Amino acid sequence: MTATLTPPAADPAASVRAGAVPRRRTRLLALPEVRWAAAASALFLFALPLQLAGAPAWIWGPLYALSYVTGGWEPGWEGLKALKGRTLDVDLLMVVAALGAASIGQVMDGALLIVIFATSGALEALATARTADSVRGLLDLAPATATRIAADGAEQAVPVDELAVGDTVLVRPGERVGADGRVLDGASEVDQASITGEPLPAVKEPGDDVFAGTLNGTGALRVRVERDASDSVIARIVRMVEEASETKAPTQLFIEKVEQRYSLGMVAATLAVFGVPLAFGEAFSEALLRAMTFMIVASPCAVVLATMPPLLSAIANAGRHGVLVKSAVAMERLGRIDAVALDKTGTLTEGTPRVVDVRPLRERGLDEVELLTVAAAAEHSSEHPLARAVVDAARERGLDLPATEGFTSAPGIGVMAVVGGRTVQVGAPARLLAESEAGAGGAGAEVEVEAKCAADADADADAGGCGDTDGVVAALVRELEESGRTAVLVVVDGTPAGVLGIADRLRPDAAATVAALTVLTGTAPTLLTGDNPRAAARLAAEAGIEDVRAGLLPQEKVGVVRELESAGHRVMVVGDGVNDAPALAAAHIGVAMGRAGSDLALETADAVIVRDELAAVPATVALSRRARELVVQNLVIAGVCIAGLVVWDLAGTLPLPLGVAGHEGSTVLVGLNGLRLLRDAAWTRAPAEGTG
């Protein structure tokens, strides 16, 4: 009889709380762009009512002048530097237009232009700051100092930046781990929710990895530093995302190229709008006013601002939800994918082996609980991943493990310990059976036993060879392995007592993610794995994947990606290991699972799922598509506003204040429209839009 072990259901709300990344927001006034824009606005709002009330010009005039200076000096200075490099910056054009308006007596109109333009710049700075805030909060997790243990055993508090690879640090109960490293001594439970999103603390014993910034529990740990502070998981994540605000999406790069030519053409057109009417007898002030109005309304400010705010806002929102997109280029590309290739181990599955079958041999007198109890007791002192799986299975069932004596471990074979007066061995079936037979048959018996047991698995168990028990064991082992399990034999006092089936478990959200990606892209994902076809097919069937490519080497995964691309697809690859890195690099977009992802995979990928929530993948794709929709909306808004105002100015008489309000109002509208994706509602809505 098979017993399928299932852990207790986790509280989703608790998982969200445990996995939350600390929020650290830049204060608005900490941004210089916001301070200058606020000062310019305040001065303008002081001067305007005084002017409208009929106060003398010497009262409100200096206030307007200060508004010009505070709101226009920075864009003006940047524009002059750009001009020195033979680049015409639209910021400089706006300042010139404002000064031109003031020169013909339109002081208030010029000040309004400066204020609105400074506000637009502040909005863009805010979007960039929010992007950085979404991940810089991780830096708050790392402690400023750590306790380093010298060679003579002396303890010394040192800044974490001074820790070097090979140093030993002491992590006391309740302290945060100061550096990425490996436990040398001690045992404790460490809260890794901020890094991995795990809802429960992870048990840490000698040999386990720990990460900087994670919170130690009640035990003390001695940890060997294995990474410099600048190369820790937290530091790498921060570096990757900080690059996002410095990169430009393809659309943005195109717009900036057009902006240069457009600005030169606009200057030429402005001169023509000024010179031609002047040549035909129009008054100088009227011609100059029309030209200044034209330069303002024809400026591509709104077009330039159309692209980056939506993409930066999407990056910031995704970062708050544990998805770190490295660049605006990557965020834009995410929304264009139409095919997905998923790695199996560590991506579609949890990447942690678990006991899923308990098969006792009834004639030995042990039931499922007793078999698992003695196996877990024997494996308790082992650090092997399969041993941990057995112990974890017993813990999940709440079993009390008896004390053991005489624990020994043999690499490649298994472990042995005395449990309750009985000698228990747990390990590879063929090896343990061969070891038993070799004791009686001498050298070469191992090969003979393996052959006999394999034959007995195909014949009747009563036919001899390995004997009745060994034949049943071989049949159980074969059955489990054909279903994609790893078989572990439990031997009590020299006689097989049962077999455990261990397998990597599908992530709880895997099937829903596959379904969501299928709806988003129009095609079902492909499974890429180096695992054997049987195990791959079993997992794929559970997840709802039909296209399975198993037994692949890294270069063969790249071949599958190339094959999909040659069929006209834009492919997104999701993986976590070193063997996935070539495929991640070859794909249109690469996404890495952050919890156990290799350094190479994390650096190669365009985005990292920090909390290992697979469902975040389709949510991010949907968010990217929403950002691209907003870019298109912004370009339409900007184009319509510019065209309408230009026609009005050339065909009629467009008042300068109305031109300023219309053009800069459209710029602010475009900026605010892009910032809509900063809201948490944009993320919660993304999965629904993508899957519905």
Side-chain angles (χ1 to χ4, degrees), residues 12 15-16 19 134 197 310-311 313-326 329-344 346-351 506-528 539-540 542-547 561 564 569-576 580 583-584 587-595 597 601 605-630 677 679-692:
S15 297
V16 172
S134 65
L311 295 174
S313 298
I315 291 173
N317 198 335
R320 290 202 306 267
H321 292 87
V323 182
L324 305 182
V325 183
K326 294 184 182 181
V329 175
M331 178 54 75
E332 186 183 51
R333 286 181 176 176
L334 274 166
R336 304 177 66 187
I337 60 110
D338 57 9
V340 180
L342 299 169
D343 172 51
K344 184 179 78 69
T347 301
L348 199 62
T349 68
E350 295 177 342
L506 198 69
R507 291 183 184 273
D509 53 357
T513 297
V514 169
L517 290 172
T518 301
V519 173
L520 280 169
T521 63
T523 57
T526 299
L527 180 62
L528 307 182
L539 264 298
E542 292 181 24
I545 298 177
E546 296 181 358
D547 187 3
V561 174
L564 293 172
H569 293 293
R570 294 186 179 94
V571 184
M572 175 176 69
V573 173
V574 186
D576 72 317
D580 299 318
L584 292 171
H588 181 72
I589 192 82
V591 179
M593 305 300 287
R595 176 184 173 186
D606 301 289
V608 179
I609 310 299
V610 177
R611 303 178 193 170
D612 269 17
E613 295 173 353
L614 196 58
V617 175
T620 307
V621 172
L623 184 66
S624 171
R625 293 187 176 182
R626 180 62 177 154
R628 294 181 69 239
E629 290 174 2
L630 290 184
L677 293 184
R679 300 177 302 170
D680 286 336
W683 176 265
T684 56
R685 183 171 57 249
E689 290 182 354
T691 58

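No experiment lies behind these values; they were computed from the predicted model shown.
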Taking C-beta and beyond as the side chain, do [X] and [Y] meet within less than 4.5 Å on heavy atoms?
| X | Y | value |
| --- | --- | --- |
| V621 | V340 | no |
| R507 | T513 | no |
| I609 | V323 | yes |
| I545 | L348 | yes |
| R628 | R336 | yes |

If only atom types and distance count, is the side chain of [X] paired as donor or acceptor with the main-chain N or O of [Y] below 3.5 Å?
| X | Y | value |
| --- | --- | --- |
| T349 | K344 | yes |
| D338 | R570 | yes |
| D576 | M593 | no |
| S624 | T620 | no |
| T521 | A339 | no |

### Query
Taking D606 as the fixed residue, which of I589, V325, L584, V573 is the one that meets the side chain to side chain contact (heavy atoms under 4.5 Å, CB included) rule?
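Checked I589, V325, L584, V573 against D606; only one passes side chain to side chain contact (heavy atoms under 4.5 Å, CB included): I589.
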
For the [atom1] atom of [X] and the [atom2] atom of [Y], what is their distance to the nearest 0.5 Å?
| X | Y | atom1 | atom2 | answer |
| --- | --- | --- | --- | --- |
| L517 | I337 | CG | CD1 | 6.5 Å |
| R320 | I315 | CZ | CD1 | 12.5 Å |
| H588 | L564 | NE2 | CG | 13.5 Å |

Quick one: closest heavy-atom pair of [X] and [Y], and the distance?
| X | Y | value |
| --- | --- | --- |
| A540 | L527 | CB-CD2, 3.8 Å |
| V561 | A583 | CG2-CB, 4.2 Å |
| A510 | L614 | CA-CD2, 3.9 Å |
| N317 | A682 | ND2-CB, 3.6 Å |
| A314 | L623 | O-CD2, 3.4 Å |
| W683 | A616 | CH2-O, 3.8 Å |

